[in-house]
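What follows is a short report on a single structure.
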2 protein chains.
Amino acid sequence: MYKNAQTDARGQTGIVSSVATIKDVAKAAGVSFKTVSRVVNGEKRVGPEARERVNQAIRELGYKPSLAARQLAGQRSYLIGLVLLGSGISYISRMMIAMGSACRDKGYNLITATLDYHQHMASDIVSINFSARPDCVILTPPFCNDQRILEHFERANIAVVRVAAVTPGYGLTVPVNEEPCALELMRHLIGLGHKRIGMIAPPLPLRASEARLVAYRKAVAEAGLEEDPALVIRGDFSFAAGVSATTSLLALPQRPTAIFASGDEMAAGVLAEAARLGYRVPDDLAVAGFDDSPIARMVFPPITTVHQPVRDIARAAVEAAINPDFKPQPFDYKLIIRGSTDGSRQHCLEPYPF
Amino acid sequence: MYKNAQTDARGQTGIVSSVATIKDVAKAAGVSFKTVSRVVNGEKRVGPEARERVNQAIRELGYKPSLAARQLAGQRSYLIGLVLLGSGISYISRMMIAMGSACRDKGYNLITATLDYHQHMASDIVSINFSARPDCVILTPPFCNDQRILEHFERANIAVVRVAAVTPGYGLTVPVNEEPCALELMRHLIGLGHKRIGMIAPPLPLRASEARLVAYRKAVAEAGLEEDPALVIRGDFSFAAGVSATTSLLALPQRPTAIFASGDEMAAGVLAEAARLGYRVPDDLAVAGFDDSPIARMVFPPITTVHQPVRDIARAAVEAAINPDFKPQPFDYKLIIRGSTDGSRQHCLEPYPF
DNA sequence: TTGTAGGCGTTATCAA
DNA sequence: TTGATAACGCCTACAA
């Protein structure tokens, strides 16, 4: 930390707190402030000894470039906006944490806006307002597929990265493919001997998560199971949706012996309603979710699910936000088998991998 | 959105995207840009008609002041830093959402840093680094009681607001008092006839949450119940801690018939372990938590708990961050009785109140 | 390889 | 009640 040039009793610089500027560093290093700028920005054309002197001065003064000044003078804001759903607790915190650290790693800052989905749909204006003017805004489902929001940022001339988008439109898309692992999950259930499997599908077809339903159908078909439309109910990813779908599914004349919920919160709802009705999981009813959100391991039995590589997705999104030419690699989804399908497994006590 | 002065076919300003500056507004309103600045900043000394013309120009041009420029020229950054624990999913997302919207309401932006507690304790430097230079940093437990962190920000000359702090030190404290409601919760359990109540206490005495244990002891004493130290086990607020404490408590020669966990995730651990061991909740074992985090309603039975007024706390913290003279009012904690103590209550399906 | 001039969009100061 | 002018700290040009 730099102090103003007030000499104190120890003959050192004083404690009147201030912040070192690029000129202070330049003076201390005996170079022009432009040279300091070059060092800070990692430009090549700096003599090695000048660079060393500058770096030392930076360390000594605790110099940190002013974001505000860089924003104003340069063209970049070093800010990335993130828009995500203002509900569904576990998903948003994972994304926030992952995006935040991905941004920090790249020298960027994350500004977050959470949006209520119903409120947004009901309103005729796009209420997202980043007064901080980020270089880029990252949109996650369901907003990444919202044409109005895309146009909003296009008009504002702000770059957009769309995570798991499925519709065409403005911005760069970071694609995901959930189908293979969802298929693996379904084969796991079928391999356990289940013949009638209920599905709590995503709310709308126009989402990447629809792949979970597609996988369900493929698996049912490939195993030659009966394709009963009554076994498929759509839900809005909430706990309540899981509960109510389960009430319906278990009331069917031929009830399913397993339920695949396309989100862990809904799967928790399945578990809760099953418990209320006295079904034992997994013996009477096997349950599977999707996401591997923290809730999946805080219920009993813990939920078999598909782990979303949120960190990798976040890193790719930030990378794409900074470098428009970035080509993301396919992400590594992973089947996690737990007690809700396999009775021999009990609590999952490992710390949650953010 | 303001467009640069390129006349298009319709005779309107063109579509070369740019952003309106204060000078553009001044030109459009026929005043000096300083007058615009006065209007934007809500200063008094502006003529009513000038003000009206400026406001209209602002609307027409879609003018938004540049945060970067304000930061550079003014003394405020319009940024508030938030430091919170990088684990315990539900708590952090609630805080983030609440702080974020509280900041937005005040025209500030929120920058977030999540810190791993163990990593922080093991490291000899404070690794929080807000390159965005916020005006103020809000610290939540357990970091609000960390002397090193306080000194770090004091040296950096950054204001600090400490939410629920109990130790003295640098910065403003937003105090909370959890004892009355924790007492109410204990009385509820005792009122149900429980004589031996297990307690899963907070990890360390030096926290505001210690009030939960204090309340436990008071309630036990005032009801004349046996004060058995074996009934009190400390936990680190994790699901796993809830599980392991429950294993111990239920193995006692005289097992408790109710367990008060000082956090909902731990209470979920109690529920899970009780289920594994075949105890029925609440008939064989009543369970209560604290926080009213989302997890409390996504398990079966849903958990009786104390609702933390996170929104109010967040608002107060932001208010204190902006205005050092702000005096927060006591917060309104609330007992929420659910199925884990009252068998007549089933799922809680209301949308979560952020 | 290094340095100088100019400007980014706002607020602060002082004058009109 | 208004307005001109000088910062703020840095980056982009261009020049040496």
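None of these values were measured; they are calculated from a predicted model. By convention in this document, chain letters (A, B, ...) are assigned in the order of the sequence lines, proteins followed by strands, and residues within each chain are numbered from 1.
- Looking at A:E49 and A:R53, a side-chain N of the basic residue comes within less than 4.0 Å of a carboxylate O on the acidic one, giving a salt bridge.
- When DNA chain D is scanned in the 5' to 3' direction for atoms under 4.0 Å from non-hydrogen atoms of chain B, the outermost contacting nucleotides are D:dT1 to D:dG9.
- Under the ring pair (Phe, Tyr, Trp, His ring centres under 6.0 Å) criterion, no residue pair touches residues 54-73 of chain A, with sequence neighbours excluded.
- Sorted by first and then second residue, the ring pair (Phe, Tyr, Trp, His ring centres under 6.0 Å) pairs involving residues 25-56 of chain A (not counting sequence neighbours) form an empty list.
- Ionic pairing of A:R59 and A:E52 is present here: one or more N-O contacts between side-chain nitrogen and carboxylate oxygen are shorter than 4.0 angstrom.
- Within residues 63-76 of chain B, the residues approached by DNA chain D to less than 4.0 Å at the level of any non-hydrogen atom are B:L72, B:A73, in residue-number order.
- Listed by residue number, A:S32, A:K34, A:T35, A:R38 are the residues of residues 32-42 of chain A with a heavy-atom contact under 4.0 Å to DNA chain C.
- Among residues at least two apart or in separate chains, ring pair (Phe, Tyr, Trp, His ring centres under 6.0 Å) pairs with a member in residues 91-120 of chain A are A:Y78-A:Y108, A:H120-A:F143.
- With sequence neighbours left out, the side-chain contact (heavy atoms from CB on, under 4.5 Å) criterion links A:S77 to A:Q71, A:L79, A:D135.
- Residues that satisfy the side-chain contact (heavy atoms from CB on, under 4.5 Å) test with B:C136, not counting sequence neighbours, are B:A159, B:V161, B:A321.
- Rounded to 10 degrees, the angle between the two end axes of the helix from C:dT1-D:dA16 to C:dA16-D:dT1 is 30°, with five pairs used at each end.
- Every residue two or more places apart in sequence or in another chain that forms a side-chain contact (heavy atoms from CB on, under 4.5 Å) with B:A316 is listed here: B:V174, B:F326, B:P328, B:F331.
- Remark: B:A314 pairs with B:A98, B:M99 by the side-chain contact (heavy atoms from CB on, under 4.5 Å) rule, at least two apart or across chains.
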With a cut-off of 3.5 Å and sequence neighbours excluded, list every side-chain donor-acceptor pair involving residues 125-132 of chain A.
from, atom 1, to, atom 2, distance (Å)
A:S131, OG, B:N109, OD1, 3.2

